Amino acid sequence: MPKSPEQLFDFLQALGIEVTTRTHQPLFTVADSQHLRGEIPGAHTKNLFLKDKKDNYFLLTVEEEATVDLKSVHQLIGAASRVSFGRPEALSELLGVGPGAVTVFGAINDVEGRVCIVIDAALAAEPLINAHPLVNTATTTIASKDLLAFVKATGHDPLVLNLSGATPHAGPDR
C-alpha cells in the first residue's frame, strides 16, 4: 500500500526535517502550477519517470523550466539504452503516485529500490525546492540538503548530475 501524504510528513518529522506545505487546486502540469509563482518561495520541480529497454527505472527531478535531452540523457544516468517514459502502471506500482503527481517524494514508496533517483545539479544548488507530497493538490517546500537526506533515508543513493546543462546557482547559503 503506498504511503499517504500524512505518512510522508511523519517520516520527514522523524528525520528532523522541517517542511512547509500549501494546499491548492489539483495541478497536473508545470503550466498548471505557474500561477503559484511568487506565492511559494523556492525552485519548482518537473519530474520525468523513465525506463530503459532492460526495465531499469529512473526518476529525474529538474527545475520546472529545465530542458532534458531525452535522446542522450541515458548516457549521463547510466541507463542500458535510450530511455522512454515509464507506463502509469509502473509509476503507481513503484512510486505510489499517478500521472500528474510524479514527485521525488515518491521515493518513500520504492521500498525495493528499483528506481534510480536523479536530481539535476542546478536544482540541488537551490536553497529551497518545491515538490508534490505524493498528491497534486499540495506543494511541499523543503531545503535542498534535506531533500537529499530524505532520499538517502528511503534507501536510495541519489545521483546529482548536470541533466539540464544549466550552471548550478550559487545561492546565499553556499
Side-chain angles (χ1 to χ4, degrees), residues 3 5 8-9 11-12 15-21 27 29-30 33 37 40-52 56-79 83-86 90-91 94-97 99-136 138-174:
K3 302 268 190 293
L8 168 66
F9 298 138
F11 184 79
L12 290 166
L15 294 173
I17 295 175
E18 291 185 27
V19 298
T20 58
T21 300
L27 304 173
T29 66
V30 168
S33 64
R37 297 313 157 259
I40 300 176
H44 295 265
T45 57
K46 170 170 56 177
N47 296 277
L48 306 171
F49 180 65
L50 306 172
K51 69 177 271 320
D52 66 16
N56 295 308
Y57 289 92
F58 304 85
L59 178 66
L60 279 54
T61 300
V62 301
E63 196 275 331
E64 69 181 349
E65 301 285 333
T67 302
V68 176
D69 183 357
L70 291 179
K71 292 180 182 175
S72 64
V73 75
H74 66 284
Q75 297 167 340
L76 286 173
I77 63 176
V83 292
S84 60
F85 288 99
L91 177 62
L94 297 172
L95 297 180
V97 297
V102 183
T103 176
V104 67
F105 288 124
I108 196 170
N109 288 315
D110 181 29
V111 294
E112 294 177 11
R114 292 190 50 207
V115 180
C116 177
I117 307 296
V118 186
I119 300 172
D120 188 39
L123 179 66
E126 292 291 332
L128 297 174
I129 297 173
N130 294 291
H132 289 313
L134 307 175
V135 294
N136 66 354
T139 298
T140 295
T141 305
I142 186 171
S144 60
K145 66 177 179 47
D146 290 339
L147 179 63
L148 292 173
F150 158 78
V151 173
K152 289 177 184 173
T154 66
H156 295 82
D157 188 15
L159 298 177
V160 178
L161 302 172
N162 188 359
L163 298 172
S164 64
T167 304
H169 169 261
D173 297 335
R174 309 239 179 309

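On a predicted model such as this, the values are computed, not experimentally measured, just so you know.
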Shortest non-hydrogen contact from [X] toward [Y]:
X    : Y    : value
A66  : S164 : CB-CB, 3.6 Å
A101 : N136 : CB-N, 3.9 Å
I117 : A107 : CD1-CB, 4.1 Å
A43  : E63  : CB-CG, 4.4 Å
H132 : V135 : CB-O, 3.1 Å
I17  : A149 : CD1-CB, 4.4 Å

Applying side chain to side chain contact (heavy atoms under 4.5 Å, CB included) between T21 and each of I40, T140, I142, N130, report the one that passes.
->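 Answer after filtering I40, T140, I142, N130: T140.
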Applying the side chain to side chain contact (heavy atoms under 4.5 Å, CB included) test to L60, which of N47, V102, I77 qualifies?
->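 It is I77, the one option of N47, V102, I77 that forms the side chain to side chain contact (heavy atoms under 4.5 Å, CB included) with L60.
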Mind checking the [atom1]-[atom2] spacing from [X] to [Y]? Nearest 0.5 Å is all I need.
X    : Y    : atom1 : atom2 : result
L76  : L161 : CG    : CG    : 6.5 Å
L148 : H156 : CG    : NE2   : 13.5 Å
L50  : F85  : CG    : CZ    : 6.0 Å
E65  : K46  : CD    : NZ    : 7.5 Å

Pairing residues for [X] by the side chain to side chain contact (heavy atoms under 4.5 Å, CB included) criterion, not counting sequence neighbours:
X    : result
N109 : P2, K3, L134
H74  : A79, R82, V83
T20  : T141
A131 : T45, T103, V104, F105

Could you please spell out the steps behind the side chain to side chain contact (heavy atoms under 4.5 Å, CB included) verdict for N56 and C116?
-> CA-CA 8 Å; N56 295 308; C116 177; over 6 Å; no
Beyond-backbone contact of V97 with F49, side-chain heavy atoms, under 4.5 angstrom |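 The answer is no, as the side chains (C-beta and beyond) never meet within the 4.5 Å cut-off.
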Side-chain donor or acceptor of T61 paired with backbone N/O of I119 under 3.5 Å | no
Could you list the residues that satisfy ring pair (Phe, Tyr, Trp, His ring centres under 6.0 Å) with F11, not counting sequence neighbours?
->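 Per chain and number, F11 pairs via ring pair (Phe, Tyr, Trp, His ring centres under 6.0 Å) with F150.
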Determine, step by step, whether D110 and L95 satisfy the side chain to side chain contact (heavy atoms under 4.5 Å, CB included) criterion, reporting the C-alpha distance in whole Å, the side-chain angles of both residues, the deciding distance to 0.1 Å, and the verdict.
-> CA-CA 5 Å; D110 181 29; L95 297 180; 4.1 Å; yes
Salt bridge (Lys or Arg N to Asp or Glu O under 4.0 Å) contacts in which one or both residues fall within residues 144-161, not counting sequence neighbours = none
